[in-house]
Amino acid sequence: MPDSLLPIRIRDLRLSKGDRALLAGINLTIEDPGITVIMGPNGAGKTLLLRCLHGLIKPDRGQITLGPLGPESSRDQQAMVFQHPVLLRRTALQNLAFAAPELARSEPQRLISALAAVHLADRADQPARMLSGGEQQRLALARALLSQPALLLLDEATASLDPASVLVIESLVKAQSAQGTKVILISHDQGQARRLADEIVFISDGQITEQSPADSFFSAPRTPMARAYLAGEILL
Amino acid sequence: MPDSLLPIRIRDLRLSKGDRALLAGINLTIEDPGITVIMGPNGAGKTLLLRCLHGLIKPDRGQITLGPLGPESSRDQQAMVFQHPVLLRRTALQNLAFAAPELARSEPQRLISALAAVHLADRADQPARMLSGGEQQRLALARALLSQPALLLLDEATASLDPASVLVIESLVKAQSAQGTKVILISHDQGQARRLADEIVFISDGQITEQSPADSFFSAPRTPMARAYLAGEILL
Amino acid sequence: MNALAEAFRLIITLDADLFEILWLSIRVSLIALAISAVISLPLGTWLAITRFPGRKFCILVLNALMGMPPVVVGLMVYLLLSRSGPLGWMGLLYTPTAMIIAQVVLITPIIAALSNQVIENLHQEYRDTFYSMGVTGRRAVVAYLVDARYALTTCILAGFGRAIAEVGAVIIVGGNIDHLTRVMTTAIALETSKGNLSLALGLGAVLLALSLLVNALVIGVREYAAKRQYA
Amino acid sequence: MNALAEAFRLIITLDADLFEILWLSIRVSLIALAISAVISLPLGTWLAITRFPGRKFCILVLNALMGMPPVVVGLMVYLLLSRSGPLGWMGLLYTPTAMIIAQVVLITPIIAALSNQVIENLHQEYRDTFYSMGVTGRRAVVAYLVDARYALTTCILAGFGRAIAEVGAVIIVGGNIDHLTRVMTTAIALETSKGNLSLALGLGAVLLALSLLVNALVIGVREYAAKRQYA
Amino acid sequence: QSTTSTENSGLYDHLMPILERETGVKVNVVAVGTGQAIKNAMRCDGDVLLVHSRPDEEKFVADGYGDYRRDLMYNDFVIIGPKADPARVAGAANVTEALQRIRETGARFASRGDDSGTHKKERLLWQEAAIDPDAGSGQWYLETGSGMGATLNTGVSLGAYVLSDRATWISFGNKQDSTIVFEGAPPLFNQYGVIPVNAGKCPTVNREAAEIFANWLLSESGQAAIGAYQVKGKQLFVPNANHKLNSSIESK
Ligand SMILES: Nc1ncnc2c1ncn2[C@@H]1O[C@H](COP(=O)(O)OP(=O)(O)OP(=O)(O)O)[C@@H](O)[C@H]1O
Ligand SMILES: Nc1ncnc2c1ncn2[C@@H]1O[C@H](COP(=O)(O)OP(=O)(O)OP(=O)(O)O)[C@@H](O)[C@H]1O
Ligand SMILES: [Mg+2]
Ligand SMILES: [Mg+2]
């Protein structure tokens, strides 16, 4: 396990397109290990924030540090599962081998067991792009976990999984977190957030409106926004 | 509203790749209007079944009739939202205009209100592919509803929506169904299934194991498979 | 080299002959390109998105025709336009029009085959959606052309490159007649056969500069449009 | 036509001269293609996926070089290899090697520019994932080439078409010397200059048939591989 | 239609402005090899032929494609070779001996190999020297299958011997270290003819302009213009429209 990337500090992060502010001055400090869940309505800026952390987007302004590093310099200690995972035009197993070439050479058995962990053992030789939606998402997760990252970023990684697979993935994520990986996870699934989150960050309209321990967020959300969100009331 | 495509009859539908049977002899008759929800684990064959109905896949064997028509001949009375919607490289509004060119000419206002119905009015001129995941899914839904289809096929159409949007979409779908559109919908979300379904079809491993009215399915699933699925127990 | 020096002297002194030749080169190639694009882009697209028996064979033939020798194209057009040929009565042989015809024949398969490949890639993405929306025929072709426009510019530039560089066909049907059908490439060939190698090279440099200019314009427009639309 | 009849007679009687010329054509073009592919595919890919100042300019130049006149390429290689040129001591002028060199220079920009476009499209899809996985440099180039292999065949076939059809450059550096450097296109040009138009056309048909054969082989292999992998 | 050697020498650039000034006729020059020029004209793609291969020309007229054939001008052929002259061609007593020396010393010879007037002349000379060059094709006898200029480019670069018409050589720009090694022998005479295409066979022919053009070339002022054409201070063509062709050639 590589060194910790904590604390993660985001200072006055701003990003706009045209005259619309997509990220409108985000300030966030994440100090504790464990699992942070980001929630918020569609279009709030959750994905953009995660991409900034990963170094995929350069913000217009603001600063991000992960421990002693920046987003790009810490890239090889991070792993990310995208909202729409992109798999290579190869078999499921080859996709894992491509992500971890040394492992594929030294311990090919590890790849098989990584597939088995997401219950894809018998899809090993199937072209990855022919897998079903849920199977693809699970493969992308297995790929991200292979690198044993210090920081794992998951963007709605269980959105199209069946209930059992959701639980499988959640236990994998928990196990990874227990080994010291910091997990930041976007989810619209409140059940999942309750099961996993140590801490909730709530984003709305490009701004962080709340950062609370999970218990207090669900029992007593501080903003009316978060309250409405949890109740499924319209706040688009 | 076009003529009904009911009853939908599927006889001994089979599809295999290599020596794996993806659809292993599906027999299904859907006679009642309203909303049919298809459930089942990842890789069960839900998407494949919907694609066969839509005429996108020719099965190896078996027969599908929708009222007096076949899948292809009824294509223009159907609309489908894919698991991963594909939007054109144009703005949100232009995507709608492209899907309904006559409407765009005669009643352009209708396009705006269709956008507003999925709460995307202020994204009208944004390139569709730059929308957030949930926004894209909502746009795809608006596009499908424009054609006022007799049969609406939805493949996990709310998987990445926030709770409020889920409810918005559900009420749109219910309204559409009330106008006489037959809706067949794939979902892993049990809450959603409970809220919407008149009838549940459960698929596992390429076969239909249960077809029941929604109430009886949730209160007393007939197969151990369905029971385990609902409980979130592993059945991969 | 005094080769380039001579060429640049011609340019700087706005040598009328050189400009006449340059202008004819660019005019013939651009007109041929425009005509060819109107044929080849829809053709390549249509072959990418429809399915009929023999379609693969058509694509194969298009690909093979990319290797059609210019001299052969020149000959065919020559026989067609020759005064004793079927179109001889039009009196087109040894005119710029004849050169345009030859170039159209030459580059149409190239643009069609390349755009076919580009559209085929996009088709993999759009196919199901277009099927579902009932988008077929001419509407589908237009939509594909519009959505693939940035990638298609490279196909078009490849066609332009072939046209502007082409000598074998235009010399046969154009005849390299001074002040009438002499273009840059035939002028270069002539200087080469006169042994004026350095002047030939200098003219080549001028032609390349011209080609660079056209490419810069096209790519510039593409970049500008892409940026404005950020699509 | 008795043109084709004559050409077919030559083929059917296994005319030794014709086969010698055909074989040289195909050998020169395929070797040039192989060398060029090794240079141009990684180059085009690399330019699609790296970012450095001047990258756009490089791509622009590649695109413009698609319009490099063969005669100019021929001249440059001629001056390079001529006895008084820098590589004159190698004695390569008027050998098949010289023709290969000229063709490599000619088709490398074409394959590079076209593959650049193909890879750029794929890069839009893979970029974020490759960044995230830390796939860069040579590994990324190889991965792109592998995953775009089907689309790249069309680029390669375009290069082959240009090589096999090319006459302007090879006639200058090869000299069209009978039994030594005469290839199909220069033979066609010769028959044309002798006024034997029908024989020239017949030879053209033979060359096209050859080109069709090569294309059918390449596309056949591609289809077969695609079907086997159904990827 | 015209043969390449006249175009390459720049003669037309010299003649056309004078022609246009004096007669108002504008001429488009299509320069191809003699063989191609004749065949193109048989397809009616040309109004006047200006070529140099006497037997072919006479056959063209005999077959009814041309109205008549007139001598127009002549120049002569020369043998080009490297200054070092490894085959010592310069010392040969006559053309036959020159060619035999080339063959015997194993020096290379670049032939046009394109059925052009020059090529036919060259084949005739080999025949007279009793040498069959085809046996060495691709080894010492290099058939370039190209125009005069391209063949000179090849020959000069390889240090091979070449038979060229004097006009093309004088105006040729890529001489490198080659030079005229043999000239002036009677068999090297090169007569150009002019033939208007028969309007009966080819109704599309621009008969009137063709007539004016041919007549002007044969007229005193046309002949004078040809004689006045010089490149690098040397006269390239000798007008001889008014002579009957005779075998006694004034040698240079
Ligand atoms: N490149 C871009 N150009 C313009 N607008 C963009 C761009 N990328 C994102 N946006 C806009 O920024 C907003 C935030 O996008 P983001 O993807 O972060 O949303 P999100 O919170 O992840 O939503 P979801 O829950 O739907 O995934 C959206 O409204 C989107 O339309
Ligand atoms: N073209 C194909 N070639 C081979 N196998 C395929 C192909 N398409 C689908 N499959 C396989 O068929 C099975 C059923 O796929 P399908 O997409 O219908 O699953 P699903 O029930 O929709 O699952 P999910 O809930 O994950 O979307 C999967 O295991 C998938 O790997
Ligand atoms: Mg998102
Ligand atoms: Mg599915």
Side-chain angles (χ1 to χ4, degrees), chain C residues 29 56 59-61 63-76 78-79 109-110 113-114 116-118 120-122 151 153-155 157-158 160-168 172 184-185 188-189 192 197 200-201 203-205 207-208 210-216 218-219 223, chain D residues 29 56 59-61 63-76 78-79 109-110 113-114 116-118 120-122 151 153-155 157-158 160-168 172 184-185 188-189 192 197 200-201 203-205 207-208 210-216 218-219 223:
Chain C
S29 297
K56 291 233 162 117
I59 294 177
L60 171 64
V61 168
N63 272 289
L65 287 183
M66 289 197 288
M68 181 136 75
V71 184
V72 173
V73 173
L75 278 180
M76 282 171 8
Y78 170 87
L79 291 178
I110 296 175
L114 294 176
N116 176 263
Q117 181 64 54
V118 165
E120 209 149 85
N121 288 349
L122 190 62
T153 49
T154 304
C155 309
L157 287 178
F160 173 74
R162 180 68 175 256
I164 193 87
E166 150 48 30
V167 59
I172 292 181
M184 286 300 282
T185 52
I188 293 170
T192 304
L197 303 196
L201 269 185
L203 292 177
L207 182 56
L208 264 184
L210 183 76
S211 168
L212 202 67
L213 195 76
V214 171
N215 274 269
V218 172
I219 292 182
E223 299 279 312
Chain D
S29 297
K56 290 234 162 116
I59 294 176
L60 171 63
V61 168
N63 273 290
L65 287 183
M66 289 197 288
M68 181 136 73
V71 185
V72 173
V73 173
L75 277 179
M76 284 173 4
Y78 172 89
L79 290 178
I110 295 175
L114 294 176
N116 176 264
Q117 182 62 54
V118 166
E120 211 149 84
N121 289 349
L122 190 63
T153 48
T154 304
C155 310
L157 287 178
F160 173 74
R162 180 68 174 257
I164 194 85
E166 149 50 31
V167 59
I172 293 180
M184 286 300 283
T185 51
I188 294 170
T192 303
L197 302 197
L201 273 183
L203 291 177
L207 184 55
L208 265 183
L210 182 76
S211 170
L212 203 67
L213 194 76
V214 170
N215 275 269
V218 172
I219 292 182
E223 301 278 312

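Each chain gets a letter, A, B and so on, in the order its sequence line appears, and its residues count up from 1. Predicted model only: the values in this text are computed from it and were never measured.
Heavy atoms closer than 4.5 Å to chain D are found in both the backbone and the side chain of C:L60. For D:I110, no part lies near chain C; criterion is any non-hydrogen pair under 4.5 Å. In this structure, the portion of D:I172 lying under 4.5 Å from any heavy atom of chain C is its side chain and not its backbone. Looking at D:N63, both its backbone and its side chain come within 4.5 Å of chain C, counting heavy atoms on both sides. Only the side chain of D:E223 comes within less than 4.5 Å of a heavy atom of chain C; its backbone N, CA, C and O stay farther away.
Heavy-atom pairs under 4.5 Å with chain C were tallied for D:V214, D:V167, D:T185, D:T192; the largest tally goes to D:T192. With chain D as partner, the option from C:S211, C:A151, C:G204 having the largest number of non-hydrogen pairs under 4.5 angstrom is C:A151. Put simply, of D:V72, D:L65, D:I59, the one with the most heavy-atom pairs under 4.5 Å next to chain C is D:V72. Taking chain D as the reference chain and counting heavy-atom pairs below 4.5 Å, the highest number among C:L212, C:V218, C:L213 is found for C:L212. With respect to chain C, the highest number of heavy-atom pairs below 4.5 Å among D:A200, D:A64, D:G168 belongs to D:A64. Options D:L114, D:V73, D:V61 differ in how many heavy-atom pairs under 4.5 Å they form with chain C, and the most are formed by D:L114. The residue among D:V71, D:L75, D:I219 with the most heavy atom pairs within less than 4.5 Å of chain C is D:L75.
Annotation: the span from D:L201 atom CG to C:L79 atom CG amounts to 5.5 Å, rounded to 0.5 Å. Here the OG1-CD distance, from D:T153 to C:Q117, works out to 6.0 Å after rounding to the nearest 0.5 Å.
Annotation for C:M66 and D:T154: closest pair CE-O, 4.0 Å, computed over non-hydrogen atoms. Listed here is the closest heavy atom pair of C:P70 and D:A165: CD-O, 3.2 Å. Between C:L208 and D:G67, the closest heavy-atom pair is CD2-O, 4.2 Å.
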